[in-house]
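Written below as structure tokens is the structure these notes are about.
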Amino acid sequence: MKFIYLYLIIAAFIMVTASSCKKELTGVNTNPDAIPAAQYNPNLLLTTVQLMYTGSTSFGGSAWATKWGGVACFIQHTASTNPGFYYGDKYLNNIGAMGEMFQDSYTSEVQPAVELYQLTANKPQYRNLHQMARIMKAMVFEQITDLYGDIPYFQAGLGYYARIYQPVYDKQQVIYTDMLKEVSQAVDSLDEKADKPTGDVLYLSAADQIGEWKKFGNSLLVRMAMRLTKVDPTTAQAYVTKAATNTFKSNADNAIVQHQDGNQLTQNRDALEIFGNDSTDLKLSSAFISNMKNNSDPRLPVVAWIYSQDSNGNSTGDNTPADQIGMPPGFIVGGNNPSTDITKLDSIPSTGIAGYSRLNDNILYTAAPNLILTYAETELLLADAAKRWGIAGSAATHYKNGVLAAVTQLSAYGGTAAISDADAATYYSGVAYNDAIGLDQINTQYWLCTLMDEYETWSNWRRTGYPNLTPVNYPGNITNGTIPRRLTYPPSQKITNLPNYNAEVAGLTGGDKMTTRVWWDK
């Protein structure tokens, strides 16, 4: 990857946010600094948007409180006995933590994405950069709206340009209609003969940068379109059919943000947050570990280990597959209720809490990459479309491609994370496609392959209902013992955007609750 451009992010970040450090929407919608727009290098903003999408400025915020404290536990990738940080596997009410992603994203992602879009519009010298801006802007907003539903979209980030400091909330259906249009048009408008943006972290070193962006845009289009399978299958099929002709073709096409040690802005935020916040409390869940063990998944020793330290205090651990034990969700240590005290379980490891499996440092380290969109995901989504509607090719073929790619894509983490094609093929033989249970298989594999991309995992689970996860009924939970369907808005919206927040909540069927479903999840 292009490490030099990751260093440029520091300059871009300072340029964009020098005078606005508030984690609130009002701050986002004001002039970010005093530098005239003509002095910006838009390529730096592309670098900014790509890196910020991974949560790289959200210290103590979205990468931790929302992603790992909540969503990863909702979806049973992880579990914890700490009900303070990790409210997600007990469905507890932590409105501040749930809203962190909303706050942080509008500051660190939306603002530079909108700025990039505005600075490159109608400028021939930035023809391709503008199309990339459209694609990245849609990707940023897709993640936010998937988590919260209706959000500020059309007016967001336009304080400097349109003097809009309290943007209205737009309906998710309208947002999706525009995002699909934007990405589709952007892909069609990319021009091999036009500019080759230098701030591109994803594909600058590719032999065909613009060709890779076309595949990236189409793969994103498939993901967005498949969100609509419950509510608008006609639109979903139309966009999938169009995009499927030129999506990712192998793991070589994966959209990867390669992080680098040396500065907090260029390091992997997941690793920084988990290492910096009681990391021993976060375990892999029993559902996740059991699935891998039951199917002799070769990824298990790569992604999981039982953590310990050597005599010098260095991290070490046991990654033997047979030794891995996942933590069941919905428990604490001690307390007055024996049914929620994990120490009362017969199945607890002999070493206690320390004996449960954790994320392995094969994939969790400060220079680890973020795989933000992959060939494996795309193939599994195409398999889903083929199974549901008989479009986009063979469900069996796409499923096989997706499973094999999901196993071998771990080579992006380097070192001992690589798994051979032979081992991947052996694994596939044990989970080979069975049309009678096709959707279950396809989307369970999606759940497995999106570990570390927790927001995407949760969105796809809500869309499909697979895998069939068993919810918990922890005392005091606020979902009536059901897995949450959305995140609640941050309390800061009551201060910075009260009129529009009140109007949105008043019209929100079910209210601003974790049990209220977003539009595409109806």
Side-chain angles (χ1 to χ4, degrees), residues 68 72 75-80 251 254 256 259 268 270-271 274-275 279-310 314-329 347-371 374-377 380 402-432 441 444-454 457 467:
W68 293 107
I75 201 62
Q76 296 183 20
H77 275 168
T78 58
S80 177
N251 281 338
N254 288 346
I256 299 174
H259 295 283
N268 183 292
D270 292 321
I274 292 173
F275 289 148
S279 60
T280 56
D281 286 341
L282 184 64
K283 308 294 185 179
L284 289 166
S285 82
S286 54
F288 190 78
I289 293 296
S290 295
N291 181 285
M292 286 195 158
K293 290 181 74 171
N294 292 342
N295 292 293
S296 301
D297 196 320
R299 290 170 289 190
L300 182 55
V302 174
V303 304
W305 67 351
I306 299 170
Y307 177 80
S308 61
Q309 292 183 334
D310 62 23
N314 298 315
S315 298
T316 183
D318 174 12
N319 70 339
T320 305
D323 294 342
Q324 302 310 307
I325 304 173
M327 176 177 281
S347 59
I348 191 171
S350 59
T351 53
I353 300 301
Y356 286 112
S357 300
R358 289 177 50 187
L359 287 163
N360 195 314
D361 70 353
N362 280 317
I363 60 171
L364 188 68
Y365 55 97
T366 54
N370 277 111
L371 281 64
T374 68
Y375 170 61
E377 294 171 62
L380 291 170
V403 172
L404 295 176
V407 173
T408 56
Q409 73 182 14
L410 295 182
S411 64
Y413 291 97
T416 59
I419 298 172
S420 71
D421 291 342
D423 285 344
T426 299
Y427 170 69
Y428 176 77
S429 67
V431 294
Q441 286 185 303
T444 295
Q445 289 295 327
Y446 200 91
W447 176 72
L448 291 166
C449 86
T450 48
L451 177 69
M452 308 300 291
D453 193 357
E454 305 308 307
T457 309

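Considering all non-hydrogen atoms of both residues, Phe275 and Tyr365 come closest at CE1-CA, 4.2 Å. The heavy-atom pair separating Cys449 from Ala406 by the smallest distance is CB-CB, 3.4 Å. Residues Gln324 and Ser357 share a closest heavy-atom pair of OE1-OG, 2.7 Å. Scanning both residues, Gly402 and Ala376, for their nearest heavy atoms gives O-CB, 3.5 Å. The minimum heavy-atom distance between Ala368 and Ile363, with the atom names listed, is CB-O, 3.6 Å.
Side-chain N or O atoms of Ser429 include one that pairs as donor or acceptor with a backbone N or O of Thr426 at under 3.5 Å. A side-chain donor-acceptor contact under 3.5 Å links Asn360 to the backbone of Pro301. Listed for the Glu454 side chain is a donor-acceptor partner under 3.5 Å among the backbone atoms of Met452. Between the side chain of His77 and the main chain of Trp68, no donor-acceptor pair closer than 3.5 Å is present.
A heavy-atom distance below 4.5 Å is not found between the side chains of Tyr356 and Ser80. Taking the side chain as every heavy atom from C-beta outward, Met292 and Val303 approach each other to under 4.5 Å. Contact check for Asn295 versus Tyr427: side-chain heavy atoms found under the 4.5 Å cut-off. A 4.5 Å side-chain heavy-atom check between Leu451 and Thr457 finds every atom pair outside the cut-off. Inter-residue side-chain proximity for Tyr446 and Glu377 is flagged as met; some heavy-atom pair is nearer than 4.5 Å.
Only one option out of Asp323, Asn319, Leu300 pairs with Trp305 in a side chain to side chain contact (heavy atoms under 4.5 Å, CB included); it is Asn319.
Going from atom CG of Asp297 over to atom CG of Leu448 covers 6.5 Å, rounded to the nearest 0.5 Å. Note that NE2 of His259 and OG1 of Thr366 are 10.5 Å apart. Values are rounded to the nearest 0.5 Å. Here Leu284 contributes atom CG and Leu359 contributes atom CG; the two are 4.5 Å apart, rounded to the nearest 0.5 Å. Atom CD of Gln445 and atom CG of Leu380 lie 7.0 Å apart (nearest 0.5 Å). Note that CD1 of Ile353 and NZ of Lys283 are 7.0 Å apart. Values are rounded to the nearest 0.5 Å. Between the OG1 atom in Thr316 and the CD1 atom in Ile306 there is a gap of 11.5 Å [rounded to 0.5 Å].
For Asn251, the side-chain hydrogen bond (donor to acceptor under 3.5 Å, both in side chains) criterion is met by Asn254, Thr408, not counting sequence neighbours. Partners of Asp453 under the salt bridge (charged side-chain N to carboxylate O under 4.0 Å, His left out) rule, at least two apart in sequence or in another chain, do not exist in this structure.
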Are Tyr413 and Leu371 close enough, and set up right, to give a side-chain contact (heavy atoms from CB on, under 4.5 Å), and what steps lead you there? CA-CA 10 Å; Tyr413 291 97; Leu371 281 64; 4.1 Å; yes
Output a table of donor-acceptor pairs, distance under 3.5 Å, between side-chain atoms of residues 414-423 and any protein atom two or more places apart or on a different chain; print 'none' if there are none.
| from | atom 1 | to | atom 2 | distance (Å) |
| --- | --- | --- | --- | --- |
| Thr416 | OG1 | Asn362 | OD1 | 2.7 |
| Ser420 | OG | Asp423 | N | 3.0 |
| Ser420 | OG | Asp423 | OD2 | 3.4 |

